[in-house]
Amino acid sequence: MSSRFAALKGVEDILPPDSYLRQFIEDKARSVFGSYGFGEIKTPIIEHTDLFLRSIGETSDIVSKEMYTFTDKGGRSITLRPEGTASVVRAYVEHSLAMRPSPQKFYYMGPMFRYERPQKGRQRQFYQIGVEAFGVAEARMDAEVILMLMLHLDRIGLEDLSLELNSIGCGECRPAFKEALRDFFAPKLPELCPDCQRRFETNPLRILDCKVERCIEIRKDAPLVTDYLCGNCRSHFDSLLKLLGVMGVKYTLNPHMVRGLDYYTRTTFEVTTENLGAQKAVAAGGRYDGLVEEFGGPATPAIGFAMGVERLAALLKDKAAPPITDFFVASLGEEAATQALKLASGLRAEGIRGELGYGGSLKSQLRKAGKLGARFAIIIGEDELKSGLLKWKDLKKGESGEVPLAGARKLFA
RNA sequence: GUGGGCGUAGCUCAAUGGCGGAGCACUGGACUGUGGCUCCAGGGGUUGUGGGUUCGAGUCCCAUCGCCCACCCCA
């Protein structure tokens with residue numbers, strides 16, 4: 001408690017057994033995403049600040065007040081990535097990946113940084129697992145990405161989630177919708193909460209998911225984005241809904257779901273839970289058909305999502321299980337201790353997991369074996385050295401017996 | 001950035017303004033070489049930090065830092 005140093009506000013150490021849960025989530029992601037043909041991409045966690053200004057949008061809260069930005073020794077403005085998509089798109093353009101067979105599909109996992117007040121399910125350094133698929137505009141790709149997300153969430157054992165869907169249109173149809181929204185709210189402006197009055201200027205779409213009761217009431221008859229979609233966006237969305245229906249995916253249409261990041265187009269989706277306090281979204285994503293071009297690449301449709309690992313882990317908290325310890329070698333005496341080391345090393349080389357006892361009486365060593373949850377305790381003392389027969393005990397079943405030193409591995413057959 | 005709650009042992013928490021404690025956990029012993037149950041013992045603390053009030057502060061006051069929760073926003 002009174003340690004000389006402490007971790008910074010909003011960042012944390014992830015220790016066993018929590019780290020095992022993180023590994024479990026990541027392992028399942030690698031497996032599921034791999035089966036869909038996605039390959040891992042590792043991008044730097046620092047980028048030129050401009051990258052995020054361009055992609056996320058200068059008026060967004062992330063950019064205006066939540067970025068970890070500093071000047072490096074060369075005088076460059078550097079920012080710790082607040083999200084993953086911008087870097088992947090930069091890499092896609094920088095390495096001319098449009099020249100590779102389409103689609104190009106990537107996943108990433110790692111820390112993101114946002115300077116915010118921490119609360120439940122929200123840290124300043126937090127981990128995301130995300131995917132991005134480039135080059136296909138067809139709604140079938142939207143369906144694939146959503147199916148992949150749902151499969152992963154299912155594989156890690158998450159339940160009671162709901163998938164919310166929306167389409168926020170494209171550069172063609174969204175301006176008209178924003179106009180309609182402004183026209184609708186303008187006469188009611190004085191009745192809106194102060195936050196919404198600000199949103200009216202910065203991002204009127206945000207008024208649609210305000211939590212203030214009065215605002216919810218006022219917006220009851222507000223125009224719906226889905227009524228303003230252009231023909232192409234409309235049919236894209238309809239195709240997606242049809243495909244999800246065919247695939248048996250349950251979803252809820254939420255015309256009030258809005259994205260905080262400027263680059264989204266058409267399909268947006270969120271997977272939410274009621275078990276995380278105010279932080280309901282465990283994963284969120286959508287299309288961003290204009291971003292590659294914005295970054296100087298060829299016009300390339302793309303879609304992706306990101307999951308919040310802390311939020312997934314919080315929902316699975318009880319399921320963190322350390323790996324099984326197969327054996328524990330207790331030894332008595334110097335020569336036996338050396339033999340124990342040789343025995344354990346041989347077993348480990350065969351992929352069998354185990355540990356050595358260090359010092360203390362046989363009793364205290366066995367006590368430790370029990371605490372570790374080891375399957376077998378193996379005992380080496382002077383008697384065993386003389387006879388060449390090891391004593392073993394199955395700590396789960398309580399059975400015990402002897403085995404020749406050279407045949408110890410047969411215990412684990 | 002705004003608002004509320006909370007900081008005492010590794011953890012969960014007691015202690016009227018008057019000698020800082022318990023349970024769990026950890027280490028060892030009882031049982032010289034056989035875990036879990038039981039009993040005993042031991043190690044562990046500048047009471048988050050810095051000021052102030054007081055004969056005396058874990059307790060009251062101020063500041064600060066941190067944690068938790070909510071808002072903003074978001075994964």
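Quick note on labels: first sequence line is chain A, next is B, and so on, each numbered from 1.
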Distance check needed: G1(B) P versus Arg124(A) CZ, whole Å only. 8 Å
Please report, rounded to the nearest Å, how far the P atom of A75(B) is from the NE2 atom of His152(A). 18 Å
Phe328(A) CZ to G33(B) C1': how many Å, rounded? 14 Å
Between Asp289(A) and Arg287(A), does any side-chain N to carboxylate O distance fall below 4.0 Å? yes
Tell me if the side-chain of Glu116(A) makes a donor-acceptor pair with the base of A75(B), cut-off 3.5 Å, by modelled atom types. yes
Are Tyr92(A) and Phe134(A) near enough that their ring centres are under 6.0 Å apart? yes
Do the ring planes of Phe376(A) and Trp392(A) sit parallel (below 30°), tilted (30 to 60°) or perpendicular (above 60°)? perpendicular
Strand partner of A15(B), provided both Watson-Crick or wobble distances fall under 3.5 Å: none
A cation-pi test, strictly: NZ or CZ of Arg124(A) under 6.0 Å from the centre of the six-membered ring of Tyr115(A) and no more than 45 degrees from its axis. Yes or no? yes
Who pairs with G33(B) - Watson-Crick or G-U, where each distance is under 3.5 Å: none
Distance between the P atoms of U49(B) and U59(B), in whole angstroms? 11 Å
To the nearest angstrom, the CG-P distance between Leu362(A) and G36(B) comes to 12 Å
Determine whether a donor-acceptor pair (one donor, one acceptor, N or O, separation below 3.5 Å) exists between the side chain of Glu66(A) and the base of G1(B). no
If I pick the C1' atom on G7(B) and the same atom on C13(B), what distance separates them, to the nearest angstrom? 13 Å
Closest nucleotide of RNA chain B for Asp209(A) versus for Leu8(A): which of these residues is on the 5' side? Leu8(A)
Count the heavy atoms of every other residue, nucleotide or ligand shown that sit under 6.0 Å from NZ of Lys188(A), and state whether that count exceeds 12. yes
Examine U27(B): is either OP1 or OP2 under 4.0 Å from a nitrogen or oxygen in the side chain of Lys371(A)? Give yes or no. yes
Please report the distance separating the P of C65(B) from the corresponding atom of G23(B), rounded so that it comes out in whole Å. 38 Å
Can you tell me how far C1' of G66(B) sits from CD of Gln119(A), to the nearest Å? 17 Å
Is Glu116(A) salt-bridged to Arg114(A), cutoff N-O under 4.0 Å? no
Identity of whatever pairs with U27(B) - Watson-Crick or G-U, under 3.5 angstrom: A41(B)
Please check the phosphate of C31(B) (OP1 and OP2 only) for any side-chain N or O of Lys363(A) closer than 4.0 Å. no
Quickly work out the Tyr115(A) OH to U2(B) C1' distance and round it to whole Å. 14 Å
Could you check whether Gln123(A) gets within reach of a base, just the sugar-phosphate, or nothing at all, counting any heavy atom under 4.0 Å? base
Other residues, nucleotides, ligands: >12 heavy atoms within 6.0 Å of Phe70(A) CZ: yes
With a 4.0 Å cut-off on heavy atoms, is Gly285(A) in touch with a base, just the backbone sugar-phosphate, or nothing at all? nothing
Rounded to whole angstrom, note down the C1' distance from G17(B) over to A57(B). 7 Å
Which nucleotide in the list G1(B), G33(B), C73(B) gets nearest to the side chain of Gln279(A)? C73(B)
Under 4.0 Å from OP1 or OP2 of A75(B): is there any side-chain N or O of Gln128(A) that close? no
Distance test, side-chain N/O of Lys368(A) to OP1/OP2 of C26(B), below 4.0 Å: no
Could you identify the nucleotide paired to C71(B), looking across every strand shown and requiring Watson-Crick or G-U wobble geometry with both distances under 3.5 Å? G1(B)
Now, which nucleotide makes the Watson-Crick or G-U wobble pair with G7(B), with each of the two distances under 3.5 Å? C65(B)
Hey, does the side chain of Lys9(A) come within less than 4.0 Å of C65(B)'s phosphate (OP1/OP2), counting only N and O? no
Applying a 4.0 Å non-hydrogen cut-off, can you work out what Gly277(A) is touching in the nucleic acid: base, sugar-phosphate, or nothing? sugar-phosphate
From U34(B), G33(B), C69(B), nucleotide with atom closest to Ser361(A) side chain: G33(B)
Name the nucleic acid region contacted by Ser400(A), choosing base, sugar-phosphate or nothing; use a 4.0 angstrom heavy-atom cut-off, strictly under. nothing
Ile46(A), CD1 atom: more than 12 neighbouring heavy atoms under 6.0 Å: no
Using the C1' atom on both, measure A14(B) against A9(B) and round to a whole Å. 13 Å
Interatomic distance at P, G43(B) relative to A22(B), whole Å: 12 Å
Under 6.0 Å from the six-membered ring centre of Tyr127(A) and within 45° of its axis: does the NZ or CZ of Arg22(A) meet both? yes
Under 4.0 Å between a side-chain N or O of Gln365(A) and OP1 or OP2 of U34(B)? no
Taking A75(B), C71(B), C68(B) as options, the one with an atom nearest any side-chain atom of Phe126(A) is A75(B)
Hey, which of these two, Leu366(A) or Gly360(A), hits RNA chain B nearer its 5' end, going by closest nucleotide? Gly360(A)
For Glu382(A), answer base if it contacts any base atom (sugar-phosphate contacts may also be present), sugar-phosphate if it contacts only those atoms, and nothing otherwise; contact means non-hydrogen atoms under 4.0 Å. base
Using whole Å, report how far CG of Asp383(A) lies from P of G33(B). 13 Å
Euclidean distance for C1', C73(B) against A15(B) (whole angstrom): 43 Å
Examine G35(B): is either OP1 or OP2 under 4.0 Å from a nitrogen or oxygen in the side chain of Ser364(A)? Give yes or no. no
To the nearest Å, how far apart are Leu15(A) CG and A25(B) P? 20 Å
C69(B) phosphate, OP1 or OP2: any side-chain N/O from Lys120(A) under 4.0 angstrom? yes
Write down the partner of U59(B) under the Watson-Crick or G-U wobble criteria, each distance required to be under 3.5 Å. none
Base, sugar-phosphate, or nothing: which does Glu83(A) touch, judged by heavy atoms less than 4.0 Å apart? nothing
Say you pick atom C1' in A70(B) and the same atom in U12(B); how far apart are they, in whole Å? 25 Å
Heavy atoms only, 4.0 Å cut-off, all strands: where does Ala369(A) land among base, sugar-phosphate and nothing? nothing
